[in-house]
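Start at 1 with the first residue, then count along the sequence.
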Amino acid sequence: MDRRFEIAAPVLEDKAVILFSQILGAAAARGQQIDEVEKLAVYYALTDESLQTPRQLRDLAVAAVQRLPHDERRLTYDDLFYRGDARNHNFWMGHADAARDLSGLFVRIEG
């Protein structure tokens, strides 16, 4: 009992580091390189209530990278979703101001 401790839930900064490291790791596992991530994709990953744990962020990152063509070096918001996934549209509509401001803008990442 004296060797137990509680790990606090990740804060936004932790989640961002987890997301970027998982994107880079997933890309490396495919022999691919990702240089930039759309800011709207980052915003989604940091604010969506269904993405609270490192495992959920990893699953999101891995699935998004797998959807990319091998020659693509930018990960976009749309890459986070399977084609026809209603979450894409619902989040976009629920965050229209952020979507307008962050869509098409990218964060540069380096591994």
Side-chain angles (χ1 to χ4, degrees):
M1 198 61 147
D2 63 327
R3 294 192 174 135
R4 291 185 182 187
F5 58 93
E6 187 174 318
I7 298 174
V11 296
L12 287 178
E13 293 85 355
D14 298 330
K15 289 173 72 173
V17 169
I18 292 165
L19 176 68
F20 291 132
S21 67
Q22 293 301 320
I23 289 170
L24 291 172
R30 290 185 77 203
Q32 190 173 5
Q33 183 173 338
I34 303 295
D35 298 325
E36 296 179 317
V37 178
E38 189 173 26
K39 288 184 178 185
L40 183 57
V42 176
Y43 177 77
Y44 172 79
L46 298 181
T47 60
D48 187 80
E49 303 234 349
S50 69
L51 301 169
Q52 295 299 315
T53 68
R55 176 172 286 179
Q56 291 165 332
L57 292 168
R58 178 188 57 86
D59 291 347
L60 176 74
V62 169
V65 169
Q66 288 176 347
R67 289 185 198 99
L68 290 175
H70 256 46
D71 61 341
E72 181 59 56
R73 295 173 72 127
R74 292 175 134 189
L75 189 134
T76 68
Y77 171 76
D78 288 333
D79 297 322
L80 300 179
F81 306 94
Y82 290 103
R83 191 176 185 156
D85 189 337
R87 292 176 302 162
N88 183 334
H89 179 73
N90 292 340
F91 186 84
W92 185 284
M93 295 307 293
H95 298 263
D97 290 339
R100 182 188 64 247
D101 293 343
L102 300 175
S103 180
L105 300 176
F106 289 82
V107 175
R108 182 146 182 86
I109 59 174
E110 296 181 19

Return the set of residues passing side-chain contact (heavy atoms from CB on, under 4.5 Å) with [X] (not counting sequence neighbours), or none when no residue passes.
{"X": "Asp101", "result": "none"}
{"X": "Tyr82", "result": "Ala63, Arg67"}
{"X": "Arg108", "result": "Asp35, Glu36, Glu110"}

pair [X]-[Y]: side-chain heavy atoms closer than 4.5 Å:
{"X": "Phe106", "Y": "Lys39", "answer": "no"}
{"X": "Leu75", "Y": "Leu80", "answer": "yes"}
{"X": "Arg30", "Y": "Val65", "answer": "yes"}

Same cluster or not: are [X] and [Y] linked, directly or through other Ile, Leu, Val, Met, Phe, Trp or Tyr residues, by side-chain heavy atoms under 4.5 angstrom apart?
{"X": "Leu12", "Y": "Leu19", "result": "yes"}
{"X": "Tyr77", "Y": "Leu68", "result": "yes"}
{"X": "Ile23", "Y": "Val62", "result": "no"}

Which atom names give the shortest non-hydrogen contact between [X] and [Y], and what distance separates them?
{"X": "Ala16", "Y": "Leu46", "value": "N-CD2, 3.6 Å"}
{"X": "Lys15", "Y": "Leu51", "value": "NZ-O, 2.8 Å"}
{"X": "Val37", "Y": "Ala41", "value": "CG1-CB, 4.1 Å"}
{"X": "Pro54", "Y": "Pro10", "value": "CD-CG, 4.3 Å"}

Mark yes or no for whether [X], through its side chain, and [Y], through its backbone, hold a donor-acceptor pair below 3.5 Å.
{"X": "Ser103", "Y": "Arg100", "value": "no"}
{"X": "Gln32", "Y": "Ala28", "value": "no"}
{"X": "Gln56", "Y": "Thr53", "value": "yes"}
{"X": "Glu38", "Y": "Leu40", "value": "no"}

- Arg73 side, atom CZ; Ile109 side, atom CD1 - distance, nearest 0.5 Å: 11.0 Å
- Which distance, rounded to the nearest 0.5 Å, do you find between the CZ of Phe81 and the CG of Asn90? 9.5 Å
- Query: Among all residues two or more places apart in sequence or in another chain, which pass the ring-ring contact (aromatic ring centres under 6.0 Å, His included) test with Phe91?
  - Reply: Tyr43, Tyr44, His95
- Message: Holding to salt bridge (Lys or Arg N to Asp or Glu O under 4.0 Å), I want the full list of residues that pass it with Asp85, two or more places apart in sequence or in another chain.
- Response: Arg87
- Mind checking salt bridge (Lys or Arg N to Asp or Glu O under 4.0 Å) for Arg55 and listing every partner two or more places apart, or none if nothing turns up?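 Not a single residue meets the salt bridge (Lys or Arg N to Asp or Glu O under 4.0 Å) criterion with Arg55.
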- Indicate whether the side chain of Asp78 and that of Thr76 have a donor and an acceptor atom separated by less than 3.5 Å. no
- Message: Run Arg58 and Gln22 through side chain to side chain donor-acceptor pair (under 3.5 Å) and show every step you take.
- Response: CA-CA 6 Å; Arg58 178 188 57 86; Gln22 293 301 320; 5.0 Å; no
